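A quick write-up on the structure given underneath.
All values below come from the heavy atoms of this structure, side chains included, with hydrogens, waters and symmetry mates left out. Remember, it's a predicted structure, so these values are computed and weren't measured experimentally.
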Amino acid sequence: MQISTGKQVSFEYTLKLDDQSVVDTNVGKEPLTYTHGGERLIHGLQKGLEGMTAGDTRTVTVSPDEGYGGVDPEAFREVDKELVPETARKVGAQLQGKTQEGKEVFPRVAEVKGEKIILDFNHPLAGKTLHFDVKVLNVSQG
């Protein structure tokens, strides 16, 4: 049975960036299961899985446009240093917070300049080309 809209799919993956660094993998762990055509997976990965069957392997390359989008310059915010915990006042530190609407956000420290800190609210994979090594384990009716 081929992967198409509405099918239940289970697969293993290893996600790498252009420099071949591994960002994430579920190989040897619980497979990722989703309904094809839904909102759970990024568009480019779903497109790359289309038509595969159980046992198939493939490398799916996803451009930023079909992944997490480009880096949005509007997603950077300058805040007073006192608003950031002392242990997180370094470039690359991951923070967690909530917007006024109650939505969880996970900004990263992009820059520390004097008494100000620049926070980056872009997705950590925004602007990156993603390379998924996938192995389809199961395809069934949804």
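- The salt bridge (Lys or Arg N to Asp or Glu O under 4.0 Å) analysis of residues 14-33, with sequence neighbours excluded, yields the pairs Lys16-Asp133.
- When every heavy atom of Asn122 is checked against every heavy atom of Gly70, the shortest pair comes out as OD1-O, 4.1 Å.
- For Thr35, the side chain to side chain contact (heavy atoms under 4.5 Å, CB included) partners at least two apart in sequence or on another chain are Gln8.
- Within the 3.5 Å criterion, the main-chain N or O of Leu41 finds a donor-acceptor partner in the side chain of Gln46.
- No donor-acceptor contact under 3.5 angstrom links the side chains of Gln2 and Ser4, judged on distance only.
- With sequence neighbours excluded, the residues satisfying side chain to side chain contact (heavy atoms under 4.5 Å, CB included) with Ser63 are Asp65, Glu66.
- You'll find the side chain of Val136 stays beyond 4.5 Å of the side chain of Thr53, heavy atoms only.
- Residues in residues 123-142 take part in these ring pair (Phe, Tyr, Trp, His ring centres under 6.0 Å) pairs, two or more places apart or across chains: Tyr68-His123.
- Taking Lys135 as the reference, nothing meets the salt bridge (Lys or Arg N to Asp or Glu O under 4.0 Å) condition, with sequence neighbours excluded.
- With sequence neighbours excluded, no residue forms a salt bridge (Lys or Arg N to Asp or Glu O under 4.0 Å) with Glu12.
- Pairs passing the salt bridge (Lys or Arg N to Asp or Glu O under 4.0 Å) check and including a residue from residues 78-95, sequence neighbours excluded, read Glu78-Lys113, Asp80-Lys116.
- Under the side chain to side chain contact (heavy atoms under 4.5 Å, CB included) test applied with Thr14, the options Asn26, Val23, Val27 reduce to a single match, Val27.
- Residue pairs that meet the ring pair (Phe, Tyr, Trp, His ring centres under 6.0 Å) test with at least one member in residues 14-55, sequence neighbours left out, are Phe11-Tyr34, Tyr34-His36.
- In this structure, Arg40 has no salt bridge (Lys or Arg N to Asp or Glu O under 4.0 Å) partners at least two apart in sequence or on a different chain.
- Think of Phe76 as one node in a network of Ile, Leu, Val, Met, Phe, Trp and Tyr side chains linked at under 4.5 Å; its network also takes in Val71, Ile118.
- A search for side chain to side chain donor-acceptor pair (under 3.5 Å) contacts involving Arg58 returns nothing, not counting sequence neighbours.
- Nearest heavy-atom pair across Ala88 and Ala93 is O-CB, 3.3 Å.
- Checked against salt bridge (Lys or Arg N to Asp or Glu O under 4.0 Å), Asp56 has no partners two or more places apart in sequence or in another chain.
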